[in-house]
Number of protein chains: 2
Amino acid sequence: MKPIEILHQYQLKRTSCREGILSVIINHNEALSENEIRDQLESHYDRTTFYRAFKTLIESKIVHKIVVDNQLVKYALDNHITQKKEHAHFYCEACHAVLCLETTPLPKPNLPNGFQANNFEYVIKGLCKKCSPKA
Amino acid sequence: MKPIEILHQYQLKRTSCREGILSVIINHNEALSENEIRDQLESHYDRTTFYRAFKTLIESKIVHKIVVDNQLVKYALDNHITQKKEHAHFYCEACHAVLCLETTPLPKPNLPNGFQANNFEYVIKGLCKKCSPKA
DNA sequence: TAATCTATTGCAACATTGATGCATTTGTTA
DNA sequence: TAACAAATGCATCAATGTTGCAATAGATTA
């Protein structure tokens, strides 16, 4: 699962910005913020370029946006690529990590009559194992 | 459940801004955005005043913030006041309404060992009854 | 390999939102 | 009603989202 192959598969031009973003995301287990990704890249890209690269990757469904808060957004590979099922995300309020809860399937509440769901965004906030006080 | 009583109960000063915000929220079944609330008020308040009023109401757990998206936040009365149980929210992608799904309890996925949850934020996006194409 | 076309980049610019300091005003309590 | 503490309005700044446009880079074809 290499960045270049993904970009080619989704018919996007191979630019170093997109390639860099993808390789950082692929090499991390947890979802990362725009700044966390930027910090891992060697080259500098304009803020707009970065912004549009994410927009493109999301529109192509390569990358998935996880909204922790209106002030904190993280990015991870989309289920289309990872072949994961829909899942909830865990946000650690101490270390601010965002993890995919892949092992537990996403529970779906019943909707009122006539309602139609397209998308489920479930974020569970708390403390991860590392940040939980030891017993 | 009157604004003045709520403010008094939570030991907050009765200011017209807080009172106005609360009365708008109380009189609507759906969660409203800051602008939707502002539009319902007769008096004008400075942006900062509005911002701080929400901050105070949230800190006192009178109002609950529902983050639909990093660009769209809505507000509703907190469960402490409505005596509702924890519930998911439905966001209609067509009319942008946010509704509480009170009737269905919030399903809680199992967490990995050592993880501790404080808060569950479940937003289901789709089309509400009014906006769903008729069969 | 070079020429060409199109998409992407970087920059300027603007809107929105979150946030803080401070002097003035208001609500509450004695 | 006086006095104090809290809230307001204004100025200001940071971060983020967004668009237009000229310059540049990637991909395709001759």
Side-chain angles (χ1 to χ4, degrees), chain A residues 2-24 31-39 41-75 93 96 98, chain B residues 2-24 31-39 41-60 62-75 91 93 96 98:
Chain A
K2 293 178 181 172
I4 298 181
E5 292 167 9
I6 295 172
L7 289 172
H8 187 254
Q9 185 187 336
Y10 285 80
Q11 301 184 326
L12 296 178
K13 275 195 187 175
R14 178 179 81 82
T15 69
S16 69
C17 181
R18 291 172 183 170
E19 200 182 329
I21 290 173
L22 279 183
S23 71
V24 171
L32 299 175
S33 70
E34 187 178 316
N35 286 332
E36 285 165 344
I37 294 170
R38 180 182 287 114
D39 291 346
L41 295 177
E42 293 166 11
S43 321
H44 169 78
Y45 300 99
D46 185 77
R47 203 166 61 81
T48 315
T49 303
F50 226 67
Y51 161 73
R52 282 193 268 222
F54 276 108
K55 200 175 174 185
T56 302
L57 292 172
I58 289 168
E59 279 167 1
S60 298
K61 301 202 176 176
I62 298 171
V63 164
H64 176 228
K65 184 167 140 184
I66 300 153
V67 177
V68 173
D69 197 79
N70 55 326
Q71 292 296 281
L72 179 59
V73 176
K74 298 243 184 175
Y75 302 93
E93 291 167 331
H96 309 290
V98 171
Chain B
K2 293 179 182 173
I4 298 180
E5 292 165 10
I6 295 172
L7 289 172
H8 186 252
Q9 186 188 336
Y10 284 81
Q11 300 185 325
L12 296 178
K13 275 195 187 173
R14 178 178 82 80
T15 69
S16 69
C17 182
R18 290 172 182 171
E19 200 182 329
I21 290 173
L22 280 181
S23 72
V24 171
L32 299 175
S33 69
E34 186 179 315
N35 286 332
E36 285 166 342
I37 294 170
R38 180 181 288 113
D39 291 345
L41 294 177
E42 293 166 11
S43 321
H44 169 77
Y45 300 99
D46 185 78
R47 203 166 61 82
T48 315
T49 303
F50 226 67
Y51 161 73
R52 282 192 269 221
F54 276 109
K55 199 175 175 186
T56 303
L57 292 172
I58 290 167
E59 280 167 1
S60 298
I62 297 171
V63 164
H64 175 229
K65 184 168 139 183
I66 300 153
V67 177
V68 174
D69 197 78
N70 56 325
Q71 292 296 281
L72 179 59
V73 175
K74 298 242 183 175
Y75 301 94
Y91 171 67
E93 290 167 330
H96 308 291
V98 171

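Letters go in sequence order (proteins before strands), and every chain restarts at 1. Here the structure is a predicted model, which means the values were calculated and not measured.
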Chemist: Does the side chain of A/His64 come under 3.5 Å of the side chain of A/Tyr75 through a donor N or O and an acceptor N or O?
Modeler: no

Chemist: Side chain of B/Lys13 only, heavy atoms from C-beta on: which candidate in D/dA6, C/dG10, C/dC22 is closest?
Modeler: D/dA6

Chemist: Considering every strand and a 4.0 Å limit on heavy-atom distances, what is the contact class for A/Arg47: base, sugar-phosphate, or nothing?
Modeler: base

Chemist: Is the shortest side-chain N/O distance from B/Asn70 to OP1 or OP2 of D/dG17 below 4.0 Å?
Modeler: yes

Chemist: Using a 4.0 Å heavy-atom cut-off, does A/Thr15 contact any base of the nucleic acid, only the sugar-phosphate backbone, or nothing at all?
Modeler: sugar-phosphate

Chemist: Take the protein atom CD of B/Gln71 and the nucleotide atom C1' of C/dT17, then report the distance between them rounded to whole Å.
Modeler: 8 Å

Chemist: For the residue pair A/Val68 and A/Lys74, what are the closest heavy atoms and their distance?
Modeler: CG2-CG, 4.3 Å

Chemist: Between P on D/dA23 and CG on A/Asp46, what's the gap in Å once rounded to a whole number?
Modeler: 17 Å

Chemist: Quick one: which of D/dA7, D/dC10, C/dT9 gets closest to the side chain of B/Thr48?
Modeler: D/dC10

Chemist: On DNA chain D, compare the nucleotides closest to A/Tyr51 and B/Leu12; which residue's is nearer the 5' end?
Modeler: B/Leu12

Chemist: Take atom CD of B/Glu59 and atom C1' of D/dA7, then tell me their distance rounded to the nearest Å.
Modeler: 14 Å

Chemist: With the side chain counted from C-beta on, respond yes when B/Leu22 and B/Val63 share a heavy-atom pair under 4.5 Å apart, and no when they do not.
Modeler: yes

Chemist: If every non-hydrogen atom of A/Leu41 is compared with every non-hydrogen atom of A/Ile21, which pair is closest and at what distance?
Modeler: CD2-N, 4.2 Å

Chemist: Under 4.0 Å between a side-chain N or O of B/Thr49 and OP1 or OP2 of D/dG9?
Modeler: yes

Chemist: Can you tell me which nucleotide in D/dC21, C/dT8, C/dA12 comes closest to the side chain of A/Arg52?
Modeler: D/dC21

Chemist: Using only heavy-atom distances, determine whether the side chains of B/Asp46 and B/Thr48 contain a donor-acceptor pair under 3.5 Å.
Modeler: yes

Chemist: If I take atom CG in residue A/Asp69 and atom C1' in nucleotide C/dG18, what distance separates them, rounded to the nearest angstrom?
Modeler: 11 Å

Chemist: Take the protein atom OH of A/Tyr45 and the nucleotide atom P of C/dC11, then report the distance between them rounded to whole Å.
Modeler: 14 Å

Chemist: Identify which nucleotide among D/dA27, D/dC10, C/dT28 has an atom closest to any side-chain atom of A/Arg14, counting heavy atoms from C-beta outward.
Modeler: D/dA27

